[in-house]
Amino acid sequence: MSARLLPGGPVADAVFTELRPRIDKLVAAGHTPGLGTILVGNESASAGYIRMKQEKAIELGCVAPHLHLGEDASQADLVAAIRSFNDDPAVDAMLVQHPTPPQIDFEAALLEMDPDKDVDGLHPVNLGRLVLGVPGPVPCTPAGIEALLAHYDIPVAGREVVVLGRGFTLGRPLALLLSQKRPTANAAVTVVHTGVPDWPRYTQRADIVVAAAGVPGILQPEHIRPGAVVVGGGVRYEGRKLLPDVDERCEEVAGWITPRVGGVGPTTIAMLFRNAVESAERRAGGLRSAR
Ligand SMILES: NC(=O)c1ccc[n+]([C@@H]2O[C@H](COP(=O)([O-])OP(=O)(O)OC[C@H]3O[C@@H](n4cnc5c(N)ncnc54)[C@H](OP(=O)(O)O)[C@@H]3O)[C@@H](O)[C@H]2O)c1
């Protein structure tokens, strides 16, 4: 048996097709959506990610103001950069590219961000909104996984989902998202981690397994039920080499599986722009009603 693939590219294309007229409408109303990006240091992979997001922003008709701080930038420099974007009316949404140099406390910096401009959805206010189920920017990779499953008509509601990993960018918010009351979620979600040494007992009975550990090859074929849906979220980089959590032999057992490259990456970017456009729409509405 060979699993059917769940590429993220077509999902992202569908999201961009839906966003383009919304962006055009904002531009026509005099409010060009702005995605502000902040890079601290000169790490080439991070610079590449920022460039890709800026190019996509321009292609979609948005603007992308950018602040580049040096490798030796202080916490105060980063806070000043974030505050300048908080106060900049041309910036609807912003991100600080992760990882940052060791002298930077990324989570403390996040607290300085206007939560309504937090495009990654990781500010505690936005994680709180996620817990409460009220609208706000949703963490991009988890939102992209929900969109991916919905795009391929994979039923989630009422099914058993096991998330391997409880990290704050992926596993934990994904569990919250997929357990919300919504047709594309509404699942029975179990989260396993290092505190559950016999975690394969859970993944082996799951309808959908999401690997979110960041441990190369942690999910092996014997850990999944034949025909299960397998989503690979966790990755580790060794230099430029990408090492996914999901062992490639899982393709022989799974019913559906994300490709090793081009799975949740493209959907993450699409969700980032969805958050940015929603932020611009909220701000444009607010600015109009304030006039
Ligand atoms: N593709 C994307 O765009 C994207 C976006 C976001 C994140 N990611 C990737 O997703 C992964 C998770 O990121 P994160 O920030 O959410 O998580 P994280 O903070 O790195 O946490 C990893 C989680 O995996 C669990 N884990 C690690 N080794 C394990 C083991 N041997 N057995 C069972 N559980 C284990 C950890 O358990 P404990 O809590 O018990 O330590 C922890 O909960 C990373 O690889 C990251 O690069 C990808």
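Ligands are counted one by one from 1 in listed order, and the atoms in each one are counted from 1 as well.
The part of T268 lying near ligand 1 is the side chain, judged by heavy-atom distances below 4.0 Å. Counting heavy atoms under 4.0 Å from ligand 1, residue L170 touches it through both backbone and side chain. By the criterion of a heavy-atom distance under 4.0 Å, neither the backbone nor the side chain of V196 is placed next to ligand 1.
Nearest protein heavy-atom contact of atom 35 (C) of ligand 1 is T194 CG2, 3.6 Å. I218 CD1, 3.5 Å is the protein heavy atom nearest to atom 30 (C) of ligand 1. The protein heavy-atom contact nearest to atom 43 (O) of ligand 1 is R166 N, 2.7 Å. Closest protein heavy atom to atom 11 (C) of ligand 1: G234 CA, 3.6 Å.
Summarising the geometry of Q220 relative to C250, their closest heavy-atom pair is C-SG, 3.5 Å, with the distance given to 0.1 Å. Taking all atoms of both residues into account, the shortest heavy-atom contact from A206 to A228 is O-CB, 3.8 Å.
Screening T141, D120, V277 against L272 for a side chain to side chain contact (heavy atoms under 4.5 Å, CB included) leaves a single residue, D120. If you run side chain to side chain donor-acceptor pair (under 3.5 Å) between E281 and each of H31, R22, K25, only R22 comes through.
Residue contact check for ligand 1: G233 places a non-hydrogen atom closer than 4.0 Å to it.
For the atom pair D77 CG and L67 CG, the distance stands at 11.5 Å (nearest 0.5 Å).
The heavy atom nearest to atom 15 (O) of ligand 1, out of those in D120, V210, T169, is found in T169. Among A213, G214, G144, G165, the residue whose heavy atom lies closest to atom 20 (O) of ligand 1 is A213.
Within a 6.0 Å sphere centred on CZ of F106, heavy atoms belonging to other residues, nucleotides or ligands number more than 12. Within 6.0 Å of the CD atom in E238, the count of heavy atoms belonging to other residues, nucleotides or ligands does not exceed 12.
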